[in-house]
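Worksheet: one structure, shown below.
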Amino acid sequence: MYGWIWRHLPGNAWVRGVISLVLVLAVVYALFQYVFPWAEPLLPFGDVTVDGESAGGAGADQ
Amino acid sequence: MSVRLVVRTFSELCITAGALIILFVVYFLFWTGVKAADAAEGEIDALQSQWAREPVAPAPPPASPEASPSKSPDPVPYRAGKPFATMHIPRFGADWEWPVLENTAVGTLKKGLGHYSATARPGDTGNFAVAGHRRTYGDPFKDFPRLRPGDAVVVNDGTTWFTYRVAKKPHRTVPTDTAVVDPVPRGSGFEGAGRYLTLTTCEPEWGSSHRLIAWAHLDATRPVGDGRPPELTD
């Protein structure tokens with residue numbers, strides 16, 4: 001998988017290295033910005049109210 | 001398709017999954033805190049510039065909190081998700097300051113503490129109930145179990161400093177026990193109407209099977225013009 005990506009990147013080793021780094025950063029950014037905020041309410045650590053609802057539920061009277 | 005290719009692809013997938021999990025832990029333990037600190041600071045700044053722009057509602061009589069049963073007859077309602085006060089708890093650290101925002105929605109609690117909309121306002125007769133994260137999003141209530149009777153919980157709504165005193169050690173209950181935020185909270189030992197404060201967070205620290213509750217009653221008020229209350233200046 002990673003070998004396949006590496007082989008299909010253009011340029012010499014240095015250019016490929018830079019492009020790889022940019023790709024990795026883009027993936028991390030997408031994860032932190034979109035994927036993790038979506039996944040996080042599925043875990044129970046955010047339940048701090050006594051309204052009896054589960055994670056993702058709204059507060060006392062929304 | 002050789003065995004070598006299958007093994008290699010499987011290994012790469014395992015490494016990818018491991019990296020994802022590590023990144024998620026970093027996000028959860030570290031990045032949410034960075035975001036919450038940033039958001040809370042922004043909310044406090046917004047609040048202070050708002051207080052500087054427009055003097056908030058008429059201040060209640062500074063002396064004797066027991067004197068008048070109700071202050072202004074029809075106060076402006078708080079706007080959902082917006083800050084209206086700051087909270088200080090010296091037990092959690094001298095620089096522990098968080099904004100209190102209206103409602104307890106998930107998005108609101110990412111930016112600070114959340115006020116149960118159906119409960120009283122700070123200083124009013126009834127129960128001013130506030131929820132906060134114990135872990136992640138800045139860990140505002142990380143030291144919750146360290147609260148002890150007599151500890152100060154100070155709230156500033158722009159006109160008045162309200163100093164509440166914790167009544168007893170934190171109480172453990174179940175998430176459906178909504179009576180703990182009643183005007184006279186059940187289990188608190190308080191009897192009859194009064195000016196109470198309730199804090200709620202999750203219990204155990206990294207779980208959600210229970211809730212931890214702390215109750216306090218209004219001890220003193222002080223107009224903001226008179227400076228910070230002694231609890232915060234020591």
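Heavy atoms closer than 4.5 Å to chain A are found in both the backbone and the side chain of B/Thr16. Residue B/Leu212 does not touch chain A at all, counting heavy-atom pairs closer than 4.5 Å. For B/Phe141, no part lies near chain A; criterion is any non-hydrogen pair under 4.5 Å.
Note: B/Tyr196 and B/Phe190 meet the aromatic proximity criterion, with ring centroids under 6.0 Å apart. Remark: aromatic rings of B/His115 and B/Phe84 are close, center separation under 6.0 Å.
Considering CZ of B/Phe144 and CZ of B/Arg135, their distance stands at 14.5 Å, rounded to 0.5 Å.
The aromatic rings of B/Tyr27 and B/Phe24 sit parallel, their planes meeting at an angle under 30°, below the 60° perpendicular limit.
Ranked by heavy-atom pairs shorter than 4.5 Å toward chain A, the options B/Val180, B/Leu23, B/Val26 are led by B/Leu23.
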